[in-house]
Amino acid sequence: MVCGYSARGDMDSAKRLFEIAVAKGAENSVVCTAMISGYAKTGNADDARAVFDGMRVRDAATWNVMIGVYSGAGRAAEAVDLFKIMLETRARPKVEPNHTTISIIAAACAQCGLPTQASWIQDYVDRHMMLLNSHTVAALIDMHSKCGNIERALDLFCSWRQRDLICYSSMISALGMHGRGKDAIAVFNELCDNGFDPDEICFVSVLNACSHTGLIDEGRRYFKTMKDDYNIIPTVEHYLCVVDLLGRAGCIDEAYQMITHEMPKDIEPHAGIWGALLSACRTYSNVEIGEVAASHLFKLEPNNVGNYVLLSNIYANAKKWDGVQKVRALLRRQGMKKPPGWSQVDAEGSLREFITGELDSVLEAVLEILNWELKDHGYKPIIEDE
DNA sequence: GTAGGGTTAG
């Protein structure tokens with residue numbers, strides 16, 4: 001009964017029964033895990049943790065769900081911390097991470113993008129080879145790629161021989177993200193040669209790879225192949241990729257035509273599509289279509305400052321200063337301000353954040369990393385310990 | 001009771 005309520009997200013009912021079970025000493029790890037997982041669905045990480053903390057015996061599934069709660073709530077650092085506690089815990093019988101644990105923790109690590117942590121997880125898996133299966137391999141490929149380490153993703157992909165469609169897709173999007181469209185296409189071809197049928201997500205990955213590498217003819221061809229040879233009906237996501245592909249290549253009119261004339265009427269062009277077009281208009285200084293795209297975006301997501309900034313940049317580039325002023329006035333009237341973009345450096349596992357112009361803090365982080373490397377290799381450090 | 005891949009921009 002608790003599982004049933006939990007699965008539906010009815011935590012009030014689940015809790016009522018759960019408390020009776022606890023009072024009678026009848027709760028077990030399955031019921032507790034169901035409770036944790038139910039709180040996760042309602043986005044209540046702290047209530048989930050309270051159940052977790054109250055348990056006397058936790059098995060792997062319990063740990064997995066709890067780690068997954070943090071990961072799913074965007075609290076990736078806490079997910080990784082809890083994974084470490086899972087490894088260190090002295091509970092008997094000892095709980096060992098299983099395939100599910102690795103999949104969850106790899107996804108959490110992909111989310112926070114820390115190469116040091118990614119490397120540490122990979123090292124753990126390398127020492128426990130039985131933790132490899134197609135789920136964990138796909139998740140680990142994704143993790144390395146999102147942490148900036150495409151080579152390690154490739155190593156894993158190449159050494160894993162029992163690839164399924166998702167492993168291939170994961171590798172294709174990894175290569176795409178790293179601007180290696182030709183390699184992504186090679187993996188796509190290998191997938192087909194090995195008798196797999198690419199699905200709609202796989203096509204999104206390969207279209208995206210083409211778009212980010214400027215492989216416009218290949219992208220067009222894959223879009224056609226998808227429809228004609230694989231009978232996949234394009235969704236709004238595929239149109240987004242194609243509009244982006246055309247836009248990045250400078251074919252703004254064609255991209256606009258795609259939205260207004262080629263997309264089926266039952267597919268609503270959402271903010272993503274107009275956003276891709278607007279961005280292309282900024283790159284290629286297209287005021288006319290930029291204004292059209294922006295007008296749609298202002299209706300669809302009036303609070304997204306980025307769209308106003310893009311339009312303003314288009315005007316500025318064309319020296320249309322009255323346009324710039326109009327957009328700025330619009331922002332001011334609504335009290336909107338563009339938050340500065342920021343980035344992070346992984347300084348041996350700890351994050352350094354910086355915004356544009358804060359060159360000093362970037363350099364400081366880089367120097368510190370250099371210093372560690374020097375010390376690691378037995379050289380004299382450039383910064384002396386305090 | 002728990003797990004993997006995709007989707008605009010600066």
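Lettering follows sequence order; numbering is per chain, from 1.
At the heavy-atom level, S134(A) lies under 4.0 Å from base atoms of the strands shown. In this structure, V30(A) reaches the bases: a heavy-atom distance under 4.0 Å links it to at least one base atom across the strands shown. Heavy atoms of G68(A) sit nowhere under 4.0 angstrom from any nucleic acid atom. Within 4.0 Å (heavy atoms only), N133(A) reaches at least one base atom of the nucleic acid. Using a 4.0 Å heavy-atom distance criterion, S29(A) is classed as a base contact. Using a 4.0 Å heavy-atom distance criterion, I201(A) is classed as a base contact. Nucleic acid contact class of T62(A) (heavy atoms, under 4.0 Å, all strands): base. N28(A) comes within contact range of no nucleotide atom at all, as no heavy-atom separation falls under 4.0 Å. Among the heavy atoms of the strands lying under 4.0 Å from S279(A) are primed sugar atoms or P, OP1, OP2 only; no base atom is included. Nucleic acid contact class of C32(A) (heavy atoms, under 4.0 Å, all strands): none.
Counting only distance, with no hydrogens or angles, the side chain of Y308(A) and the backbone of A294(A) share no donor-acceptor pair below 3.5 Å. The closest donor-acceptor contact from the side chain of R248(A) to the backbone of H212(A) lies at 3.5 Å or more, if one exists at all. For the pair S6(A) (side chain) and A34(A) (backbone), a donor-acceptor distance under 3.5 Å is present.
One interatomic measurement links the two molecules: NE2 of H238(A) to C1' of dG5(B), which rounds to 13 Å at whole-angstrom precision. We find that CG of L331(A) is positioned 14 Å from C1' of dG10(B), with the value rounded to whole Å. Residue W274(A) contributes atom CH2, which lies 17 Å from atom P of dA9(B) at whole-angstrom precision. Rounded to a whole Å, the CG atom of N98(A) is 13 Å from the P atom of dG4(B). When rounded to the nearest whole Å, the span between CD1 of I141(A) and P of dG6(B) equals 11 Å. Taking atom CE of M336(A) as the reference point, atom C1' of dG10(B) lies 15 Å away to the nearest angstrom. As a whole-Å value, the separation of L297(A) CG from dG10(B) C1' is 14 Å. Rounding to whole angstrom units, OH of residue Y39(A) and C1' of dG1(B) are separated by 15 Å.
Across dA3(B), dT8(B), dG4(B), the shortest atom-to-atom separation from the side chain of H99(A) is found for dA3(B). When distances are taken from the side chain of L310(A) to each of dG4(B), dG1(B), dG10(B), the shortest belongs to dG10(B). Here the side chain of N304(A) is nearest to one of dG4(B), dA9(B), dG6(B), namely dA9(B). Listed candidates were dG4(B), dG6(B), dT2(B). Nearest to the side chain of M177(A) is dG6(B). In this structure, of dG5(B), dA3(B), dG1(B), it is dG5(B) that holds the atom nearest to the side chain of D142(A). Each of dG5(B), dA3(B), dT2(B) was ranked by its minimum atom distance to the side chain of S37(A); first place goes to dT2(B). Of the candidate nucleotides dG5(B), dA3(B), dG10(B), dG10(B) has the atom lying nearest to any side-chain atom of R282(A). Distances were taken from every side-chain heavy atom of C167(A) (C-beta onward) to each of dG6(B), dG4(B), dG1(B); the shortest belongs to dG4(B). Nearest to the side chain of S103(A), among dA3(B), dG5(B), dT2(B), sits dA3(B). Comparing dG6(B), dT2(B), dT8(B) by their closest approach to the side chain of L240(A) singles out dT8(B).
Scanning all heavy atoms of the two residues, the minimum distance from D199(A) to I232(A) falls at C-CD1, 3.8 Å.
Not a single donor-acceptor pair, N or O on each side, falls under 3.5 Å between the base of dG10(B) and the side chain of N313(A). No N or O donor and acceptor, one from the side chain of N64(A) and one from the base of dG1(B), sit under 3.5 Å apart.
Salt bridge annotation for D123(A)-R152(A): present, with a cationic side-chain nitrogen under 4.0 angstrom from a carboxylate oxygen. Between E291(A) and K320(A) there is no salt bridge, since no side-chain N of the basic residue sits under 4.0 Å from a carboxylate O of the acidic one. Comment: R75(A) engages D46(A) in a salt bridge, judged by a side-chain N to carboxylate O separation of less than 4.0 angstrom.
Less than 4.0 Å separates DNA chain B from at least one heavy atom of each of the following residues of residues 241-261 of chain A: D244(A), R248(A). Within residues 70-80 of chain A, no residue has any heavy atom closer than 4.0 Å to DNA chain B.
Annotation: Y222(A) is not in aromatic contact with Y230(A) [ring centroid separation under 6.0 Å not met].
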Evaluate the side chain to side chain donor-acceptor pair (under 3.5 Å) criterion for residues S205(A) and N208(A): first the C-alpha distance (whole Å), next the side-chain angles of each, then the deciding distance (0.1 Å), finally the verdict. CA-CA 5 Å; S205(A) 305; N208(A) 201 41; over 6 Å; no
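Remark: K41(A) is not in phosphate contact with dG1(B), judged by side-chain N or O atoms under 4.0 Å from OP1 or OP2.
Both tests do not hold together for K299(A) against W274(A): distance to the six-membered ring centre under 6.0 Å, angle to the ring axis within 45°.
Taking the salt bridge (Lys or Arg N to Asp or Glu O under 4.0 Å) definition, one finds that E151(A) meets it with R180(A), sequence neighbours left out.
In the displayed structure, K227(A) atom NZ is contacted under 6.0 Å by more than 12 heavy atoms of other residues, nucleotides or ligands.
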